[in-house]
Amino acid sequence: QVQLVESGGGSVQAGGSLRLSCVASGKSYCMAWFRQAPGKEREGVAGIYTYGGSIYYADSVKGRFTISRDNAKNTVYLQMNSLKPEDTAMYYCAAPAGYVCSHSPGAYEYWGQGTQVTVSS
């Protein structure tokens, strides 16, 4: 079992920055961030492996968002820069029971409660 707790969401103007954090209790080989805007499907934002550090990003956030992790603290971060109104969503931290960092939310068994990010124009 893995429990995930996110923090760091908030409201910011376009062009601003936010840093999300997710603390995990329990071991996982991958941790990822997803987001879901009202009326839209949940989409993968970024994922990172615990060992080896391989990373993926959604095309819509490449060059603006950076995922990182501190294994000693069992914490993953999402640094979000140059935020746009279309980044507004509930952001979720997730971990799979298996070994693969997938873009698909269906591949993840463990989810945090979410943290809201609102970007105003």
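The residues of the chain are indexed from 1 along the displayed sequence. In this text the structure is predicted, and so the values were computed from the model without any measurement.
- Linking Ile, Leu, Val, Met, Phe, Trp and Tyr whenever their side-chain heavy atoms come within less than 4.5 Å leaves Tyr92 and Val117 in two separate clusters.
- Within the 3.5 Å criterion, the main-chain N or O of Cys101 finds a donor-acceptor partner in the side chain of Tyr49.
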Going by atom type alone, with no hydrogens or angles, which donor-acceptor pairs under 3.5 Å involve a side-chain atom of residues 103-113 and a protein atom two or more places apart or on another chain?
from, atom 1, to, atom 2, distance (Å)
Ser104, OG, Gly106, N, 3.3
Tyr108, OH, Ser102, N, 3.0
Tyr108, OH, Ser102, O, 2.8
Glu109, OE1, Ala97, N, 2.5
Trp111, NE1, Tyr108, O, 3.2
Gln113, NE2, Glu6, O, 3.3
Gln113, NE2, Glu6, OE1, 3.4

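- Interatomic distance, Ser25 OG to Leu4 CG, rounded to the nearest 0.5 Å: 7.0 Å.
- By the criterion of side-chain heavy atoms lying less than 4.5 angstrom apart, applied directly or through intervening Ile, Leu, Val, Met, Phe, Trp or Tyr residues, Leu18 is grouped together with Met31 in one hydrophobic cluster.
- Residue pairs satisfying the side-chain hydrogen bond (donor to acceptor under 3.5 Å, both in side chains) criterion with at least one member in residues 55-71, sequence neighbours excluded, are listed as follows: Arg35-Ser60, Thr50-Arg69, Asp59-Lys62, Arg64-Asp87, Arg69-Asn71.
- The side-chain hydrogen bond (donor to acceptor under 3.5 Å, both in side chains) analysis of residues 8-22, with sequence neighbours excluded, yields the pairs Ser17-Asn81.
- The salt bridge (Lys or Arg N to Asp or Glu O under 4.0 Å) search around Arg42 returns none, not counting sequence neighbours.
- Here the closest non-hydrogen pair linking Ala14 and Ser121 is CB-CA, 4.3 Å.
- If you chain together hydrophobic residues whose side chains sit under 4.5 Å apart, Val12 and Met80 fall into the same group.
- For the atom pair CZ (Phe34) and CD (Glu41), the distance works out to 12.5 Å, reported to the nearest 0.5 Å.
- No chain of hydrophobic side-chain contacts below 4.5 Å, direct or via other Ile, Leu, Val, Met, Phe, Trp or Tyr residues, connects Val45 to Met90.
- By the 4.5 Å heavy-atom criterion applied to side chains, Val76 and Cys93 are counted as neighbours.
- Taking Ile, Leu, Val, Met, Phe, Trp and Tyr as hydrophobic and joining them when side-chain heavy atoms fall under 4.5 Å apart, one finds Tyr77 isolated, its cluster having no other members.
- Not counting sequence neighbours, the partners of Glu86 by the side-chain contact (heavy atoms from CB on, under 4.5 Å) test are Lys84.
- Under a 3.5 Å cut-off, the side chain of Thr115 and the backbone N or O of Ser7 do not form any donor-acceptor pair.
- If you take CG on Leu78 and CD1 on Ile67, they are separated by 6.0 Å, rounding to the nearest 0.5 Å.
- For the side-chain contact (heavy atoms from CB on, under 4.5 Å) test, residues two or more places apart in sequence or in another chain that qualify with Tyr29 are Lys27, Tyr51, Tyr99.
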